[in-house]
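Notes follow once the structure below has been shown.
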Amino acid sequence: MTQKLLSLDDRLGLDKYEIDEQSHIKIDDTCCVNCELKPCLTVCPAEVYVWAEDKVAIRYENCLECGTCTVACEGGGEGGIDWRPPQGGFGIVFRYG
Amino acid sequence: MAGILVYSEKQQLVRELLGKARQIADEKGTAVAAVYLGESIPADVAEFGDWGADTVYTVASPLLVGLNPETYTDALAGVIEQVEPDLVLVGATKSGLEISARVAARLGAGVASFCVDFSLDHGFVTADCMIYSGVGKNTYKIKTQPALATVNAAVFTAVETGGVAKVTAVDAAIKEPALKIIEYKEKAAAGVKWEDAPMIVDVGQGMNSQDDLPIAESLAALFDGQVACSRPVSSERDWFPEWLGLSGKRVHADLTVTLGISGSVQHVVGIRDSKTIIAVNTDENAGIFSQADYGVVADLHEFVPIFTDVLKAKSAKLA
Amino acid sequence: MDEFDVVIVGAGPAGATAAYLLAKAGLSVVVIERGQEPGSKNVSGGLIYAQIYDEIYPNFWEEAPVERAIAGHSIVFLGDTAVTAMGYRDEATAPPYNAFSVLRARFDPWLAAQAEEAGAMVMPGFTVDELVMEDGRVTGVKAGGDELPAKVVVIAEGTRSQLLKQAGLREDYDPKDVSIGIKEVIQLPEQTITDRFQCLTADEGAAYTLVGHTAGAEGGGFIYTNRDTLSLGVVVKIDSVYKSKRHPHEILDEFKSHPFVARLINGGEVVEYSAQTVHRGGFHLIPKMVGDGYVVAGSAARLLLNNVMTLRGMDVAVASAAAAAQAIIEAKEKDDFSAAGLASYERHFQATSVYKDMQTFKNAYPLLENKRLFHVYPDMVCDIMDDMFSVRAQPAKKGYRALRDRMKEHDVSLWELAKDMVQIGKGIAI
Amino acid sequence: MKIAVCIKYSLDASEVKVDPASKELKMAGVPYKVGVIDKHVLETAVTLKETYGGTVHALTVGPTKAKESFREALAFGLEDVTLIENPLEGEVAPDVTAVILAKAIEKLGDVDVVVCGEVSDDGFTYQVPPRLAEALHMPQISFARTAAIEDGQLVADRDLEDSVQTVAAPLPALISVMEECNTPRRPTLLEAMKAKKKPVNIWNVETDLGLSIAELQQKAALEKVHAEGVVVHRKQYVLKGDDLNALSNELVDLLLADHIIEGGA
């Protein structure tokens, strides 16, 4: 009775996205460099935020649009994340919800 | 004739179509012919006999230039009407897709698109066709005679038979086309597109720096391959203007080696049509390993140079 | 384009219901929804409590795409491998129904269709970029390259409410007060679900609330039965996620690995992965719900009823939308859409049964802060149950003795236990 | 100038999954929408209209329930959309579609330009535009990357594998465009709201187009006898170890043994 363990990529692969060419997430790099906790690296359920050398890289196309990053960044980080909803029709498309 | 007629403006594709047509024709005891359309007929056109054609039908006309769909449709339809084959295989190039459909409309025939296999049974053609970009396969019975089918490159294999073909000129009525070609520009041969490369090295975020790119380039060079990348490598690091994936390009190389690619489905869509996939990643749990034929858990920066050397020493030729 | 009476941001339960009621009352209404279709951006655990929906959409279950009528509710404490459960079930084969499981991508389009039939214009595929403000008064919205003026804007954009933030109409959220819900939809044959969850028919379902086994993050899990899928997820506080240094999907994996959970989902195929922020609920967090030219409804107003056993968001949302609609209709009669003109919204909302339930359970919210509830007690309860039911070589203990020994083992003092019991009692019992 | 555009309510083929055990294609719940290519088709037509004047009329063959899906198309600034109800069970074959569309274009009357997409998102046969051109006896510019009217002729760049050709065709003419031909506009909210009030006409093949359903059924030259999903099996052979030299040799030997590469450098 073992359930196959799904990797995060497997999971994100189950979802449907309409990918915009432009990112709906912007990062203020100076905030992130000064941010000690960097909660976004942990809390994002799609691991949209990845630490790359000296800044936060964004994989916005995986965003589930849950809003967790903004809450974590406002209260636990330095407020470097500017998250806006993707423009109409783009982004995640839940088929079950 | 009854039998199989083969046409493409790409000579290699003609040979591939002949390979399969010959095999089926031999099983059924029927004939195979190739069609050549052009301004003039080259001297070596009979060489299709080497690849399985019993006959080569030719149409020569000054109007057969620039792949003008109207004149090529007239010519191919003319040959078919004269020869009366059971099945016409047309190479699925853009021009082939266009004129096969026009010919079929004119003759009231059916076209099986992107055929990957077919059979001739009891007087009709059955064709397996790829649907939904390769997710599925439909089998169709084609109810018309002739039946047409379009076939992509590298679906069938050319087989040298060493036969001799009879060359027969066909007098097809070709009308002056309404469509005029004002300017004709050959595409530059340089700068092979990723889509056409036989081998791809697909670089992901696991590669540390742009200075490491020669690692990938050396590997690609062994196979006349191209170095491509995932979206973040393109859009965030700006190493390449394009990327592979759902939102980018899709390749169908014989061999794709991914370096530091984690394997999101959005990216894998871009490479999944590759015949063989090798993945190199430090993370044993990376999703890419379930999408690859061969996985290597190692740091690409250390592994790939050694791998490249071993390939050089043992073999670096795609089968 | 003429000015609309009402522009509604978001076609979720709150937005669609406000639109439905306002359009029915003859107001001109447009709903702007950023998803391709209503519901395509929306995620929730997936239970709706029927009472308030039935008031607004009588016998909605006959038409609406609900999944199963919930017959069984259980709260389950997950120990290491053991469980202690408390369940309630009654048949749910005929009205009045208590709750239904729903999948939002199916249910929300139905709600939006009701609004549209009533005469509202529903515009999916457009994101509202900002509120248009004049002298502190909301006068319309900017969306899809256009400005759309309105007498009143209903902000029903869900938990994130970026618009309120941008317009300076809400404070930053505190990660202590917001949870992240991570969810999977898991496909299983309809009959398997019916059998495994002991349902009478495929129309009947079960809901489990589970506490414990969430990798040290404070919160709990849920499993709800849909027709041929299960909704499974964990809801954990955001601050505890980053303190735990565990990624959300790892917390979900830990939850799924518990034998009790693993057995329920065995053989199922995950078909969707989703996440959503969930407000903690509680009166002290509700922002200003009314201002000049706007009202806030549903999750955007952080409305949620959480008493540990149940999480009610979608019926609170609808109740607030109905109250807001009533206030807007009155404002329209007076032609006064100022904060004062719309002020009856809060009054109407306070008169709803949902609000009264929120009041009843207002002392439940501190429970969500109680770490022992999530980390210690699930295991401890299971251990005590083990003492009660297992026959061993050592002499058996009576209940109190077992309790004291296990408290010692789990490092819980009598004083702490007493305090927690009072808290639990005040929160959900007395 | 009167422009007819042919668009299609297509199955979202990227959503079709395969059951690995039974090889069955899982079609339940796969959504339909107006095709991705069709936005480029609409953009081409509307740009022509804006540049040279005229009207744009969209035609589509599909199920009646598709009606609501054409709101966004209308928001591009079309005069109208006409949905020709699918007279047959299931998907309409390209040969049948071309016959129906040809008849509908004749009914519109005096059409100068017909704009199509090179290929539909789901059928993916590339057959409808050339078949339609044959049926209408129109010249066709296929695989177009541009579109313009010059001296009463349709002029465009035709993009083939080895060449790009600038070609001209006298009107009336058909043009089938590639996705690369333009960047479709995003209709604004107000445009979309106005489009919501525009009608989607419904035509019946028998009463409106005078076609016989029995004859159309006869026209379909292909009969589907079997369908199955394609499961790509990757070998998923994973190598690990600290000795990278040994790893490299092991991998190369495997590639040789499996005939991925050929021996004898």
Side-chain angles (χ1 to χ4, degrees), chain B residues 66-67 69-70 93-95 97-98 101-102 105-106 109-113 132-144 178-187 255 272 276-277 284 289-298 302-303 306-307 310-319, chain D residues 13 16-18 25 94-95 98 122 124-127 130-131 133-135 139-143 155 160-170 221-230 232 234-240 244-245 247-249 251-252 254-256 259-265:
Chain B
L67 295 175
E70 293 173 39
T93 59
K94 288 178 175 177
S95 164
L97 291 166
E98 183 176 10
R102 286 191 82 130
R106 200 172 287 181
V111 184
S113 301
Y132 309 139
S133 356
V135 178
K137 199 166 71 180
N138 276 355
T139 306
Y140 296 107
K141 181 174 150 186
I142 309 176
K143 297 188 286 187
T144 57
L179 185 86
K180 302 286 183 213
I181 299 171
I182 301 169
E183 200 188 341
Y184 184 96
K185 279 173 293 205
E186 293 275 341
K187 281 189 188 168
L255 175 64
R272 70 170 176 208
T276 301
I277 297 177
E284 198 174 324
F289 288 127
S290 63
Q291 307 288 334
D293 296 291
Y294 306 94
V296 178
V297 184
E302 296 167 13
F303 172 76
I306 299 172
F307 177 52
V310 175
L311 278 168
K312 254 188 236 167
K314 288 194 169 167
S315 164
K317 195 163 146 244
L318 290 170
Chain D
V16 178
K17 302 274 174 349
V18 180
L25 286 165
D95 32 15
D122 54 351
F124 214 77
T125 67
Y126 289 86
Q127 289 188 37
R131 282 180 177 274
E134 275 293 313
Q140 177 193 358
I141 302 181
S142 53
F143 309 105
V155 178
L160 300 184
E161 283 87 352
D162 302 329
S163 65
V164 180
Q165 317 172 351
T166 306
V167 297
L222 268 55
E223 180 191 329
K224 185 161 84 182
V225 290
H226 181 70
E228 66 178 36
V230 174
V232 180
R234 293 287 172 193
K235 297 192 184 85
Q236 298 188 26
Y237 196 95
V238 178
L239 310 171
K240 45 191 163 177
L244 297 183
N245 229 317
L247 266 186
S248 296
N249 274 294
L251 178 56
V252 172
L254 263 173
L255 295 176
L256 284 166
H259 302 291
I260 309 299
I261 55 177
E262 275 176 6

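Residue numbering restarts at 1 for every chain, and letters A, B, ... go by the order of the sequence lines. Values below: all heavy atoms of this structure, side chains included; hydrogens, waters and symmetry mates excluded.
Considering only heavy-atom pairs separated by less than 4.5 Å from chain D, the leading option among B/E183, B/Q291, B/R272 is B/E183. Note on D/V164, D/L247, D/L25: by heavy-atom pairs under 4.5 Å with chain B, the leading option is D/V164. Heavy-atom pairs under 4.5 Å with chain D were tallied for B/A298, B/S290, B/A109; the largest tally goes to B/S290. Comparing D/T125, D/D95, D/T166 by how many heavy-atom pairs each has under 4.5 Å with chain B, the most go to D/T166. The candidate with the highest count of non-hydrogen atom pairs below 4.5 Å against chain B, out of D/A168, D/P170, D/P139, is D/A168. The candidate with the highest count of non-hydrogen atom pairs below 4.5 Å against chain D, out of B/V135, B/V296, B/I181, is B/V135. With chain D as the partner, the residue from B/T139, B/V310, B/N138 showing the most heavy-atom pairs under 4.5 Å is B/T139. Considering only heavy-atom pairs separated by less than 4.5 Å from chain D, the leading option among B/A105, B/G110, B/P69, B/G295 is B/G295.
Put simply, the side chain of D/Q127 gets close to the backbone of B/V111: a donor and an acceptor are under 3.5 Å apart. At least one donor-acceptor pair closer than 3.5 Å links the side chain of D/Q165 to the backbone N or O of B/G66. The closest donor-acceptor contact from the side chain of D/R234 to the backbone of B/F289 lies at 3.5 Å or more, if one exists at all. Not a single donor-acceptor pair under 3.5 Å links the side chain of D/E228 to the backbone N or O of B/K137. Side-chain atoms of D/E161 come within 3.5 Å of backbone N or O of B/K94 as a donor-acceptor pair.
Looking at D/F124, both its backbone and its side chain come within 4.5 Å of chain B, counting heavy atoms on both sides. In this structure, chain D has a heavy atom under 4.5 Å from the side chain of B/L255, while its backbone stays farther away. For B/A292, the part lying under 4.5 angstrom from a heavy atom of chain D is the backbone only. Interface residue B/E70: only side-chain heavy atoms are found under 4.5 Å from chain D.
Shortest non-hydrogen contact noted between B/L179 and D/A169 is CD1-CB, 3.9 Å. Between B/G136 and D/V230, the shortest heavy-atom contact is C-CG2, 3.8 Å. Summarising the geometry of B/A112 relative to D/L222, their closest heavy-atom pair is CA-CD2, 3.9 Å, with the distance given to 0.1 Å. Residues D/L244 and B/I306 come closest through the heavy atom pair CB-CD1, 3.7 Å. Residues D/L160 and B/S95 approach most closely at CD2-N, 4.5 Å, considering heavy atoms. Smallest separation of non-hydrogen atoms from B/R102 and D/A133: NH1-CB, 4.0 Å.
The environment of NZ in D/K224 is sparse: at most 12 heavy-atom neighbours from other residues, nucleotides or ligands sit within 6.0 Å. In the displayed structure, D/Y237 atom OH is contacted under 6.0 Å by at most 12 heavy atoms of other residues, nucleotides or ligands.
Looking at heavy atoms from C-beta onward, D/N249 lies in side-chain contact with B/K314 at the 4.5 angstrom threshold.
Atom CD1 of B/I277 and atom CD1 of D/I260 lie 11.5 Å apart (nearest 0.5 Å).
Applying the ring-ring contact (aromatic ring centres under 6.0 Å, His included) rule to B/F307 yields the partners B/F303; only residues at least two apart in sequence or on another chain are considered.
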